[in-house]
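Reading through the structure tokens given below for one structure.
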Amino acid sequence: MSATPGVAGILLSLVGPESGGGAGRSRWRRASITALTTVGARGLSILTGLISVPLTLRYLGAERYGVWMTISSAVVLLVFADFGLGSGVVNAISQADGADDHGRAAEVVSSAFFMLLGIATAVAALFSALSRVVPWHAVFNVTSPAAQSELLPTMAVIVGGFVISLPLGVVQRVQIGYQQGYRNNLWQMAGNAIGFGGILVAIHLKAALPWLVLCMTGGQALGLSCNFIDHFYRVRPWLRPRFALVNWSTCRNLMHVGMVFCGLTMATLLGTGTDELIIAHARGSAAVAQYDVVYKLSALTLLIQYFTVCLWPAFSEAQARGDGAWLRSAFRRTTAMAAVLAVLLSLVLLVFGRHIVQFWVGKAMVPSFALLLGFCCLKFVTNLSETAVSLLNTAPLLHTHIRIAGTAAIVAVCAKVIAAHYAGGVGVIWATAAAYGALYSLPAVITADVWSSRFALRPEGVGASS
């Protein structure tokens, strides 16, 4: 691998060898560096958001700012547009890495890139057709003439950014698959910084909303484009997407795995993303506010995920190499670490949560002890199973994972609907914690532990697919 200048070069010097006797140590170091840079990237994103939100809100006014946020939220729903192909690429690349199969990796990248390019083209064509017939001002309930005139151009910029990022985003999945997510994190930080600078310039020049949005999305798209060019033309040129390398069997396999990941995403949204809708239906929109405040505060306990998610490609690569001893040890050590941190973070939330909420948003939003305790229990069981989730995302356990997640999601939704009627938000959070603790976290940890123990007993060098 060629030397990388600057910050990336320093990080790479810490990573050490990528194979050989130090493979296990290298996995830990790459996961740690990726986790640290993830914290940096998320931290920068949060910081720029905290600064840019009041600036743009004052500059645009409530309605025009609302237009921007509403369109952005709607486009987020297009997360299903890649049909889970990105997650399939992570598994395929990490397996190819474990087998030292550059040819297989090149086929995966080219196949995924051109499939995503086709999807992006279809999304662009669909938006172009709908933009001529759909009264978007009525859809988004935009009333002022200024906001109406900016609505369609703003949508075009946001959808255009998504269309560009869909095929180019394959580089992010490749880097995650090679356990080099820190490369992507550094480019994301650069893109966010450029986008934030662009917003400041646009406000200074008194630009219209579409130009403001273009500065934000353009900075992110520029960072992603530079990452794509750097990785596929300098770091790993043999992976550069070429239509001649598209393999239709690989396309079918990626689509099959991708649909399973789509199912997992849907199960997650159903099981954990419907709470506020259920509360609003049972108790009214006003009852959602307090629940949402505690939900946002409790998200701070999910910092553990920044490290555990980095183990997903490491587990997959270790499976391909037949390194069962490392896999079992890594799973148990990380699960124990996550359990300790989950207890500590949950206790901090329980002890200080009410005081933080009062200082943050006022006394009226201070949650009851029962509501806060329910969130602490949910976050504990969620964090406890995060390492198991990373292992269950690998190819041999993926179908088991969707069965566990699907069952938990269905039971959780049914329990929450009943609990919301009798106990409101408190009932919803306890129903979620009970359902996910008993039907998701516990089965996930047990399944992952049993499988890793059996895998460790296989003859050395025998991979998961053998």
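Just so it is clear, the values below take in all heavy atoms, side chains as well, and ignore hydrogens, waters and symmetry mates.
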Less than 3.5 Å apart, which donor and acceptor atoms pair up between the side chains of residues 158-172 and the rest of the protein, not counting sequence neighbours?
unit_1	atom_1	unit_2	atom_2	d
S165	OG	G161	O	3.2
S165	OG	F162	O	2.9
Q172	NE2	N184	OD1	3.2

>> I'd like to check I119 versus L85 (side-chain heavy atoms, cut-off strictly below 4.5 Å). Are they in contact?
In response: yes
> Is the backbone of L371 close enough, under 3.5 Å, to the side chain of S368 for a donor and an acceptor to pair up by distance?
Replying inline: yes
> Cut-off 3.5 Å, side chains only: do T37 and R183 have a donor facing an acceptor?
Replying inline: no
> Is there a side-chain contact between Y182 and C310 (heavy atoms, below 4.5 Å)?
Replying inline: no
> Does the pair V246 and M115 meet the rule for a side chain to side chain contact (heavy atoms under 4.5 Å, CB included), with working shown?
Replying inline: CA-CA 9 Å; V246 173; M115 289 174 72; over 6 Å; no
>> side chain to side chain contact (heavy atoms under 4.5 Å, CB included) for V411 and Y440? Distances and angles first, verdict last.
In response: CA-CA 10 Å; V411 173; Y440 185 80; over 6 Å; no
> What closest approach, in Å, do C226 and W187 show between heavy atoms, and which atom pair accounts for it?
Replying inline: CB-CZ3, 3.4 Å
> Distance from L349 atom CG to L372 atom CG, nearest 0.5 Å?
Replying inline: 5.0 Å
>> As an exercise, state the distance from OG1 of T382 to CG of L378, rounded to the nearest 0.5 Å.
In response: 4.0 Å
> Counting only N and O atoms by type, is there a donor-acceptor contact under 3.5 Å from the side chain of D97 to the main-chain atoms of I93?
Replying inline: no
>> For S128, is there any backbone N or O sitting under 3.5 Å from a side-chain donor or acceptor partner on S131?
In response: yes
> Can you check side chain to side chain contact (heavy atoms under 4.5 Å, CB included) on Y436 and T272, steps first, answer last?
Replying inline: CA-CA 9 Å; Y436 269 81; T272 62; 3.9 Å; yes
>> Taking ring-ring contact (aromatic ring centres under 6.0 Å, His included) as the definition, give me every residue that meets it alongside F114, ordered by chain and number, with sequence neighbours left out.
In response: F243
> Atom CG in N91, atom CD1 in I176: separation rounded to 0.5 Å?
Replying inline: 11.5 Å
>> Please give me the minimum heavy-atom distance between A31 and L311, naming the atom from each residue.
In response: CB-CD2, 4.2 Å
> Going by heavy atoms in the side chains, are Y178 and L239 under 4.5 Å from each other?
Replying inline: yes
>> Between H401 and N393, is there a side-chain heavy-atom distance shorter than 4.5 Å?
In response: yes
> How far does OG of S441 sit from CG of L439, to the nearest 0.5 angstrom?
Replying inline: 10.0 Å
> Would a line drawn from the ring center of F232 to the ring center of F113 be shorter than 6.0 Å?
Replying inline: no
> Under 3.5 Å, is there a donor-acceptor pair between the side chain of T38 and the main chain of Y306?
Replying inline: no
> What are the two closest non-hydrogen atoms of A202 and C215, and how far apart are they?
Replying inline: CB-SG, 3.9 Å
> Taking atom CD1 of I278 and atom CD1 of I418, what is their separation to the nearest 0.5 Å?
Replying inline: 10.5 Å
>> With heavy-atom distances below 4.5 Å as the criterion, would you say the side chains of Q305 and V389 are in contact?
In response: no
> Does any N or O in the side chain of S298 come within less than 3.5 Å of the main-chain N or O of Y295, such that one atom is a donor and the other an acceptor?
Replying inline: yes
> Any side-chain heavy atom of P313 within less than 4.5 Å of one from R27?
Replying inline: no
>> Just so I know, are the side chains of V89 and V109 near enough to count as touching, which here means a heavy-atom distance under 4.5 Å?
In response: no
> Does the T394 side chain pair with the main chain of L391, one donor and one acceptor, at a distance under 3.5 Å?
Replying inline: yes
>> Give me the atom names and distance for the closest heavy-atom approach of P443 to G437.
In response: CD-O, 4.4 Å
>> With heavy-atom distances below 4.5 Å as the criterion, would you say the side chains of L297 and F375 are in contact?
In response: no
Name every donor-acceptor pair, under 3.5 Å, that has one atom in a side chain of residues 420-434 and the other anywhere in the protein, sequence neighbours excluded.
unit_1	atom_1	unit_2	atom_2	d
W430	NE1	A370	O	3.0
T432	OG1	V428	O	2.9

>> Using every non-hydrogen atom in the two residues, find where P241 and F228 come nearest and quote the distance to one decimal.
In response: CG-CZ, 3.9 Å
> Counting N and O atoms only, with roles assigned by atom type, does the side chain of K416 sit under 3.5 Å from a partner on the main chain of G271, one being a donor and the other an acceptor?
Replying inline: yes
> Can you name the closest pair of heavy atoms from S94 and S316 and give their distance?
Replying inline: OG-OG, 2.7 Å
>> Main chain of R242, side chain of S110: is a donor-acceptor contact present, judged purely on distance under 3.5 Å?
In response: yes
>> Among R236, R30, Q175, H231, exactly one meets side chain to side chain donor-acceptor pair (under 3.5 Å) together with Q180. Which residue is that?
In response: R236
> So, S111 side chain and V108 main chain: donor-acceptor pair closer than 3.5 Å or not?
Replying inline: no
> In Å, rounded to the nearest 0.5 Å, how long is the span from OG1 of T34 to CG of L186?
Replying inline: 9.5 Å
